[in-house]
Amino acid sequence: MMDSTSVRGVRIASFLLLVFISAAGTLAASDETAPARDPKQAVDEAYTAKIQKYTTAPYFTSPLVNYLPASKTVPTPETVLGDVAGAPGVLPYAEDVYKYMRLLEKASPRVKVFSIGTTEEGREMIAVAISSPENLKNLEENRARLTKLADPRTIKLDDAEADKLVAQAVPVYYITGTIHSPETGAPTALMELAYRLSVDESPYIREIRDGMITLITPVVEVDGRDRMVDIYKWHLAHPKDFYPPLIYWGKYVAHDNNRDAMGVTLKLTENVLNTYVKWKAQVLHDLHESVPYLYDNTVGDGPYNAWVDPILTDEWQMIGSRNVADMTKFGMPGVFTHGDFDTWSPGYLMFIAAMHNGISRLYETFGNGGADTQERTLDPEEYARTWWRQNPPLPKVLWSQRDNNNYEQTGLLTSLHYFNENKRLFLKNFYLKAKRSVAKPSAEGPAAYVLPADESRPSLQAELLRVLQKQAVEISRAKAGFTVALPVKKEKPKKDGKDKKDTKEAEKDKKPEPTSRDFPAGSYIVRMDQPYARIADALLDHQYWSPDDPQKTPYDDTGWTFGELFGVQVARVTDLKVLDVAMERVTEIHAPGGVKGDGAVFAINNAAEPALATLRYKLKDANVEAAEEPFESGGKKFNRGSFIIRNANRADLDRAAADVGLQAVAVGAAPSVKTHPIRAARVAFVHTWLSTQTEGWWRLALDDLKVPYDYISTQAIAKIDDLNAKYDVILFPPVGFFSSPTAIINGMPTAWGNPLPWKNTPETPNLVGKNDSTDDMRPGLGWDGFAKLQTFVQKGGVLLTATDTSRFATEIGLVTGVSAQTSERMKIVGSVVGTRLVDGASPIAYGYEEKVPAYCDNGPIFSLSSISGARGRRRLGNESRSRPTGRGTADEPDFTVGRPGVEAPEEPTSETWEAPPVTDEQRRNGFRVIPPADRARVIFRYADQKDLLISGLVAGGNEIAQHPAVVDVPSGKGHVVLFSINPVYRGETRGTYSMVLNTILNFDSLDAGRKLAEK
Ligand SMILES: [Zn+2]
């Protein structure tokens, strides 16, 4: 596997460099211990020889890791791995990593292993604490000290008391490995690191061990790790074949598992967050692999997240710069910080620390996606010297997993040592950040966020509050009604010298702004004078990313405002009096629900709460109908789409409604409005074998809501005889990567290469889990599958698509009269945008108001046409026609000399989201004119340009403004429902889930309330 000639070549060339390095490596501040082995430290010679053998160049190591300390009692990683950490061909399962950590615990009083929870597939997650026996014995006492620093209210914000605690406390540095499953190096690096920290008697290591607690979760994505090891084993068994790409990591999402630190929907996020908060750790350092050779993105690039304390951003600079400096002195090339990662989004796992008064850090090291030693050639931009990468990586190297492990361990050891050297400063900062968080109301504000008791979507309100509780945010409830003053809005100074009279007139017409707001008793109050106020503030506040920001490539989403995306009211209150309101802390948050009143017929209001779908499937045998018009009963108003339930057992309904937090009202008689049945639709959920990254969030949402579905791949569709016999609705959620319409049809290349199986075999026992399997991942939907989909819709089925699958549906021809354009200059990078209700009578819109915030990521731009086969162009709205040059004024008609004037027929007009009206000319032999009943029906459209931005970045929004956002296209007897927004995303967009759920529940009545064009 290794090309020895080229190895030797590199080694000779680097000999001179090595001499220089050894001298420089010993340099350190005079009062700091040198980062080196103690000459008296016994060395495990055999293990050390292998370390050297597997390290491909002398400068890919450091004096800290180029040997292994020997121990008579403590087993080395070789005991479990059969070779050294980072050895070629060796990739341990999580189970093996845990086995080793538990052997360490058994052999050394310096190691303790804690179980921190399980994954979606039931695998264990652990945290390993390494410190002196003394520190480990006093864990609880120490935790009590850290808890006081973490919550300065407990010491009455007394700085002198804090200083005493700072002097006594032992800090906790939390390291997490391999959240991204194809990034494989961390587990072995962390096994060896744990060994070094527990046995090495060199002063440099001893200081770390005695001075602090190193906490390690060696495998974060445990389900994905085991799949990755399977794939690697398959690759070793079939060395000449291409190996299957890791299509599933955890049960639900792949790479996005590192974007869940806002919504906390995945077990791995919850387990790491709980561990971080429980241990009151100062640092959360997450290990990744992609960029050569070690990108410490601690410093990162702008824009920085607006809600973090500047004390933290200073810490980033200190730690990041020092880490690079230490490794540069070892002569290790390609170590840098700054880079192009902006720290705007708080969705990354490591950001749990940034949002909970700690220090967030992340390494990208270099990896081969497995344990093969391979020659790697870099892109010019990867090895270019820049001002922030003065010592860049080399253009071409032989790279091994051992090299990766050397970099990771060297980076971590120098970080731990530097942190320990400065721990009093960092502990004091930990306290100060918490204190400044508690001081938020009177410092930068706000004083609180209030979620009013008269919320029309209590179950969604409860969901949002439960997210905050997962984030360790304290929630209170007002015991009585209260009033707060609203901030006075400052008038913007007028820029131009507009006519003063006009301005005065305008002011006279303006209604006075309210100066206060009342909240009823029972309103939820999220006080900002609490230690973890900043995560609540970051989630509930609005985001603004300037189109002029120097950062042109946002690393991730730019907006996420949870109140907007959950569709619930959240009031940002700056009036400090809100903190004096009589309130009590609440621990259990559950929306009230059950049956009220007397009668045999029950009504449940539809306010677009996803819980309605849960209830429908719970009451599988009940007779449920939807009202097609609003109605009133017993003095209560019910929206369109409200449930009317007959023949239900009251006790069952009461229990089910209470469970999901919905209020059913018993009414004397069914209201006299038109209704249609709401059936428990049979749902197929389609995925590709190209990528499951984005659909995973949809699966998670449906599972959460207990909406059942069959999970099938595009390959399976052609094999199902009669789709309509099995399913009412087919969901085809976004694909994510590699999602072009032709890729969905064709799949991966099959003209060459070998089959890529995704199934359980002796070499791959963990691959399938609870997802799906195939003998060959390569084939796509195929034209047979496409024909099946088309037939399904023609015969009355409902197909729902979003973003890239909507593009697929429009481009491949599943719909007529809708085109999807790609933006030219528009930049809507994961933002919250405004949409507007166009057709409230459509069941898809049941429960929604006029304005609905939604998540958009440069969604396809839909334009409608009533002419089949018309060239799909983006509608530009009504052109402003000015009259031609002639007689008279601009408003007067021209004339023609010698004949009476003729009135031109009025030009038909239409809105941007509508299809242009069919003209008389088009109707002449108009076989292409789509009959009114077959035309697309726009349910929601994007807001006007000025109202488009709610949170995040919107640049060039005019391209998508007013264009359709959700369209229902009749096709044969069925429907294709197209979304330009992504309604189900990262557990953050629960306010738009009901657009999908309404489609499912009303699948056979989607035409309800439809008004057809006259011609
Ligand atoms: Zn990664």
Side-chain angles (χ1 to χ4, degrees), residues 91 94 97 119 125 174-190 216-229 231-232 245-250 252-262 266 268-269 272 284-301 320 334-337 339-354 360-371 376 378-379 382 393 399 401 403-405 407-409 411-412 553-557 691-694 696-697 736-737 830 986:
L91 219 55
V97 180
T119 65
M125 287 178 70
Y174 188 15
I175 301 165
T176 48
T178 198
I179 183 174
H180 282 167
S181 306
E183 302 164 15
T184 52
T188 49
L190 293 172
I216 298 172
T217 291
V219 184
V220 172
E221 176 58 274
V222 188
D223 299 334
R225 172 67 179 188
D226 285 1
R227 291 198 174 95
M228 182 64 205
V229 175
I231 294 266
Y232 186 65
L246 196 68
I247 182 100
Y248 295 101
W249 301 10
Y252 292 114
V253 292
H255 192 265
D256 256 12
N257 61 6
N258 194 31
R259 302 293 186 274
D260 185 47
M262 290 194 263
L266 303 175
L268 62 86
T269 318
V272 169
L284 180 57
H285 190 155
D286 196 28
L287 301 177
H288 290 251
E289 277 163 39
S290 63
V291 178
Y293 301 121
L294 191 154
Y295 169 30
D296 177 359
N297 85 359
T298 301
V299 174
D301 198 0
V335 179
F336 63 98
T337 187
D340 56 9
F341 168 79
D342 68 68
T343 73
W344 178 246
S345 162
Y348 315 102
L349 187 80
M350 53 130 177
F351 233 70
I352 288 170
S360 55
R361 297 194 67 191
L362 190 150
Y363 277 173
E364 296 285 357
T365 51
F366 200 38
N368 292 342
R376 299 289 301 273
L378 304 185
D379 286 339
E382 286 179 304
W399 188 259
Q401 172 130 307
D403 297 333
N404 166 284
N405 281 198
Y407 269 77
E408 277 187 351
Q409 289 188 71
L412 287 169
T553 51
Y555 202 83
D556 203 70
D557 288 343
S691 170
T692 61
Q693 167 60 36
T694 314
W697 294 115
F737 309 115
R986 293 183 179 173

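As the structure is a computational prediction, the values presented were derived from the model and not from experiment. Each ligand, and each atom within it, is numbered from 1 in the order the structure gives. The chain is numbered in sequence order, starting from 1.
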**Student:** Do Phe341 and Leu362 touch side chain to side chain, with heavy atoms closer than 4.5 Å?
**Tutor:** no
**Student:** Tell me which N, O or S atom from His180 is the closest to the Zn ion (ligand 1).
**Tutor:** ND1
**Student:** Side chains of Asp557 and Ser345: any donor to acceptor distance under 3.5 Å?
**Tutor:** no
**Student:** Check whether the side chains of Trp249 and Asn257 place a donor and an acceptor atom closer than 3.5 Å, and report yes or no.
**Tutor:** no
**Student:** So that I can check it, does any N, O or S atom in Glu289 come closer than 2.8 Å to the Zn ion (ligand 1)?
**Tutor:** no
**Student:** For Thr217 and Tyr174, does a side-chain donor sit closer than 3.5 Å to a side-chain acceptor?
**Tutor:** yes
**Student:** Using 2.8 Å as the threshold, say whether any N, O or S atom from His288 sits that close to the Zn ion (ligand 1).
**Tutor:** yes
